[in-house]
Amino acid sequence: MWIVFALLSAIFAALTSILAKIGIEGVDSNLATAIRTVVVVGMAWIMVFITHAQNGLSTIGKRSWIFLILSGFATGASWLCYYKALQMGEASKVVPIDKLSVVITLVLAFVFLHEQFTAKSILGCILIGVGTLLMVV
């Protein structure tokens with residue numbers, strides 16, 4: 001089932017890029033990010049209440065709180081940079097560079113989470129990097 005959600009994530013990410021590029025015209029990128037953030041926060045809390053997950057707030061440990069908050073800061077920084085890049089550049093070039101996050105994630109997972117690199121994942125990273133360069137130049 002995870003693959004269905006992963007594919008839906010990719011579809012919605014693609015829509016995000018196109019809709020953002022259209023919507024950001026003539027709008028400050030920071031303001032656009034703030035508007036997007038309000039919508040995302042609202043959707044997330046609606047899902048929390050629909051699934052009755054709010055009961056789990058009291059069970060979250062200190063370590064989880066710290067890393068979830070840090071992840072939130074990273075998300076905010078990513079969105080701010082992404083919207084600024086979209087405002088300044090072509091979506092067809094910004095998005096592939098943004099997707100280099102796959103390669104960076106694999107490297108960070110190896111370093112910090114001690115996940116294994118395989119020949120297949122190394123080849124995939126190389127191909128993603130080369131593909132990104134080909135699309136951008």
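Computed from a predicted structure; not experimentally measured.
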Chemist: In chain order, what residues pass the side chain to side chain contact (heavy atoms under 4.5 Å, CB included) check against Leu68, with sequence neighbours excluded?
Modeler: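 Counting only residues at least two positions away or on another chain, Leu68 forms no side chain to side chain contact (heavy atoms under 4.5 Å, CB included).
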Chemist: Phe12: which residues meet the ring-ring contact (aromatic ring centres under 6.0 Å, His included) condition with it, sequence neighbours left out?
Modeler: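 Per chain and number, Phe12 pairs via ring-ring contact (aromatic ring centres under 6.0 Å, His included) with no residue.
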Chemist: Rounded to the nearest 0.5 Å, how far apart are OG of Ser9 and CD1 of Ile3?
Modeler: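 Separation between the atoms: 12.5 Å.
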Chemist: For Ala109, enumerate each residue passing the side chain to side chain contact (heavy atoms under 4.5 Å, CB included) test, keeping only those at least two apart in sequence or located in another chain.
Modeler: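 Partners of Ala109 by the side chain to side chain contact (heavy atoms under 4.5 Å, CB included) criterion, ordered by chain and then number, come out as Leu113, Glu115.
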Chemist: Among side-chain atoms of Thr33 and Tyr82, is any donor-acceptor pair under 3.5 angstrom?
Modeler: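 Tyr82 and Thr33 do not have a side-chain donor-acceptor pair below 3.5 Å.
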Chemist: Applying side chain to side chain contact (heavy atoms under 4.5 Å, CB included), can you list everything that pairs with Leu19, at least two apart in sequence or on another chain?
Modeler: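 By the side chain to side chain contact (heavy atoms under 4.5 Å, CB included) rule, Leu19 matches Leu15.
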Chemist: Could you tell me whether Phe110 atom CZ has more than 12 heavy atoms of other residues or ligands within 6.0 Å of it?
Modeler: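 Result for CZ/Phe110: open.
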Chemist: Residues in side chain to side chain contact (heavy atoms under 4.5 Å, CB included) with Val41, at least two apart?
Modeler: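 Scan of Val41 (side chain to side chain contact (heavy atoms under 4.5 Å, CB included), adjacent residues dropped) gives Thr37, Trp45.
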Chemist: Just checking Glu25: does its CD atom have more than 12 heavy atoms from other residues, nucleotides or ligands closer to it than 6.0 angstrom?
Modeler: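 Check fails, neighbour count at 12 or below.
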Chemist: Distance check, rounded to the nearest 0.5 Å: Leu86 atom CG versus Ser29 atom OG?
Modeler: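 Going from the CG atom of Leu86 to the OG atom of Ser29 covers 9.5 Å.
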Chemist: Please report the interatomic distance OG(Ser78) to OH(Tyr83), rounded to the nearest 0.5 Å.
Modeler: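 Interatomic distance, Ser78 OG to Tyr83 OH, rounded to 0.5 Å: 11.0 Å.
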Chemist: Should side-chain heavy atoms under 4.5 Å link Ile, Leu, Val, Met, Phe, Trp and Tyr, which residues sit in the same cluster as Ile46?
Modeler: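 Once heavy-atom contacts under 4.5 Å are chained together, Ile46 belongs with Met47, Ile50.
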Chemist: Measure the shortest side-chain to side-chain distance between Arg36 and Thr16 over non-hydrogen atoms and say whether it is less than 4.5 angstrom.
Modeler: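 A side-chain contact exists here, since the closest heavy-atom pair is under 4.5 Å.
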